Amino acid sequence: MVVSLNDKNKDFFQMVFEVAKLIPKGRATSYGAIATYLGAKRSSRMVGWAMNSAHLDKNIPAHRVVNRNGMLTGKMHFATPSEMQELLEKEGLIVENDTIQNFKTIFWNPSEELL
DNA sequence: CTAATGACAAACT
DNA sequence: CAGTTTGCCATTA
């Protein structure tokens, strides 16, 4: 992996991983929520980037992390595009048209739940 | 160092 | 209200 994980950056990545692991089953969160929780709400894209490295670690449920719209924008980055949806449905979530239904209901806010 | 890209988000038209 | 555009921040070329 060309991912030059320098010491400083590693912390940010690790944070994202930790939060992702803490996401309760049957729930999901957004990149912005994690970014905000990490104190870098403006770096929502970086969270996604972290997930890109996260997909290497099977312990990280990256499928529970989607954009604020609940759309599975990163499904293409999985082993198979359908795996993300499959996993989410297995969790009890309702995924349709690459978008999580009732996302607002299953949304998991680390800043509140994890606080 | 500048330019381009991206698993996003908010603002604007 | 929906589609389009700009902004942010970090990484890569």
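A quick note: this is a predicted structure, and the numbers were derived from the prediction, not measured. Numbers restart at 1 for each chain; the letters A, B, ... are given by sequence-line order, proteins then strands.
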Using whole Å, report how far [atom1] of [X] lies from [atom2] of [N].
| X | N | atom1 | atom2 | answer |
| --- | --- | --- | --- | --- |
| A/Ile100 | B/dA7 | CD1 | P | 17 Å |
| A/Met71 | C/dG3 | CE | C1' | 14 Å |
| A/Leu72 | B/dA7 | CG | P | 14 Å |
| A/His77 | B/dA7 | NE2 | C1' | 5 Å |
| A/Leu38 | C/dA10 | CG | P | 12 Å |
| A/Ile60 | B/dA7 | CD1 | C1' | 14 Å |
| A/Phe12 | C/dA10 | CZ | P | 8 Å |

Worked verdict on A/Phe17 versus A/Leu22 for side-chain contact (heavy atoms from CB on, under 4.5 Å): CA-CA 9 Å; A/Phe17 300 158; A/Leu22 289 168; over 6 Å; no
Pairwise side-chain contact, A/Val65 with A/Ile23, heavy-atom cut-off 4.5 Å (strictly under): yes
4.5 Å side-chain heavy-atom contact, A/Tyr31 and A/Thr73: yes
Check: A/Asn97 side chain, A/Thr99 main-chain N or O, donor-acceptor pair, under 3.5 Å: no
Lys/Arg N to Asp/Glu carboxylate O, A/Arg27 vs A/Glu113, below 4.0 Å: yes
Atom NZ of A/Lys21: over 12 foreign heavy atoms under 6.0 Å: yes
Touch class at under 4.0 angstrom, heavy-atom based, for A/Ala50 against every strand present: nothing
Heavy-atom protein contacts under 4.0 Å, nucleotides 8-13 of chain B, coded B base, S sugar-phosphate only, - none: BSS---
